[in-house]
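A quick write-up on the structure given underneath.
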Amino acid sequence: MQTTFNEVQKFLLSGTTAEIAQKLLGKRLCFQTKTGVMTAFIVEAEAYIGPKDQAAHAFQGHRTPKNEPLYHEAGTIYIYQMRTQLLLNLITQKENDPQGVLIRAIQPEKGLTQFQKNREVHQLFELTNGPGKLMQAFGIPKILKGSRLNEGPLSLDLQNFKTPAVIKVSGRIGVPNKGIWTNEPLRYFVAGNPYVSRMRKRDIDSKNYGWQ
DNA sequence: GCTACGATATGCT
DNA sequence: GCATATCGTAGCA
């Protein structure tokens with residue numbers, strides 16, 4: 001049984017964007033490639049709260065072709081390019097309510113060989129512990145910007161998921177000098193999971209990786 | 001056209 | 001921790 005677009009959309013409308021960012025932890029991302037399917041669990045996500053959020057691309061209703069997908073309905077994929085990296089966002093809320101969740105880190109499950117082929121690293125945990133890194137490891141193309149989840153190669157699986165033992169909260173990364181928005185607790189991650197960005201070695205739960 | 005700059009990654013100190 | 005690589009896009013002329 002596969003998750004449908006309608007189910008994903010319902011899920012992405014089921015609370016505030018901050019709540020959804022939190023609920024996304026442990027959910028499974030699937031990417032269909034020519035050679036097979038690659039899957040990974042979300043371990044870190046940040047919420048961006050629309051026009052009032054100084055750190056969001058839709059701050060003050062800013063709207064251009066570049067961030068247009070932000071204004072689309074829940075379940076739309078928004079890919080932002082920063083320098084040479086791509087960043088993956090899932091749109092939450094209704095049409096014209098530009099909110100979304102930035103996927104910051106994942107834990108690979110199936111297709112690990114393909115992940116490592118796409119992105120060679122010395123340390124395994126370096127593979128997907130950052131927003132640009134995970135896009136490279138997955139090999140997700142920018143063309144998916146503006147398309148919908150579960151209708152193309154990229155889908156969100158709500159049936160097979162893990163449950164975080166402890167969810168931690170912090171201010172968002174890379175958001176300096178933005179008043180209260182710099183420290184607003186809108187970043188959520190699985191405590192102890194080694195794939196979370198900026199995770200300190202001694203905080204890693206090497207037994208369960210932070211899962212229940 | 002030209003310029004400034006960003007939700008980063010990496011490598012060096 | 002801090003500099004810097006390096007690229008698409010917006011904003012303006």
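Order of the sequence lines fixes the chain letters, A, B, ..., with proteins taken first and strands second; residue numbering starts at 1 for each chain.
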Watson-Crick and G-U pairing of DNA chain C written in dot-bracket, each distance under 3.5 angstrom, with | for inter-strand partners: |||||.||||||.
d(OH, A:Tyr78; P, B:dG6) in whole Å: 14 Å
Test item: A:Asp205 side-chain N/O and A:Gly210 main-chain N/O as donor-acceptor pair under 3.5 Å: yes
Rounded distance in Å - CG (A:Leu102) to C1' (B:dT8): 11 Å
Interatomic distance, A:Tyr80 OH vs C:dT9 P [rounded to whole Å]: 10 Å
Sugar-phosphate, base or nothing in reach of A:His122, heavy atoms under 4.0 Å: nothing
Separation of B:dG6 P from A:Asn177 CG (nearest whole Å): 11 Å
A:Tyr71 six-ring face occupied by A:Arg63 cation (under 6.0 Å, within 45°): yes
Rounded distance in Å - CE (A:Met135) to C1' (B:dT8): 13 Å
Atom pair distance, as rounded to whole Å: CG in A:Leu70 and C1' in B:dA7: 11 Å
A:Lys168 charged N/C atom sitting above A:Phe189 aromatic ring, 6.0 Å / 45°: no
Charged N-O contact under 4.0 Å between A:Arg172 and A:Glu46: no
Protein-nucleotide distance (A:Ile79, atom CD1; C:dG8, atom P), rounded to Å: 15 Å
Gap between atoms CZ and C1', on A:Phe59 and C:dA10 respectively (whole Å): 17 Å
Salt-bridge contact A:Lys10-A:Glu7 (side-chain N to carboxylate O under 4.0 Å): no
Donor-acceptor pair, side chain of A:Glu44 and main chain of A:Ser197, under 3.5 angstrom: yes
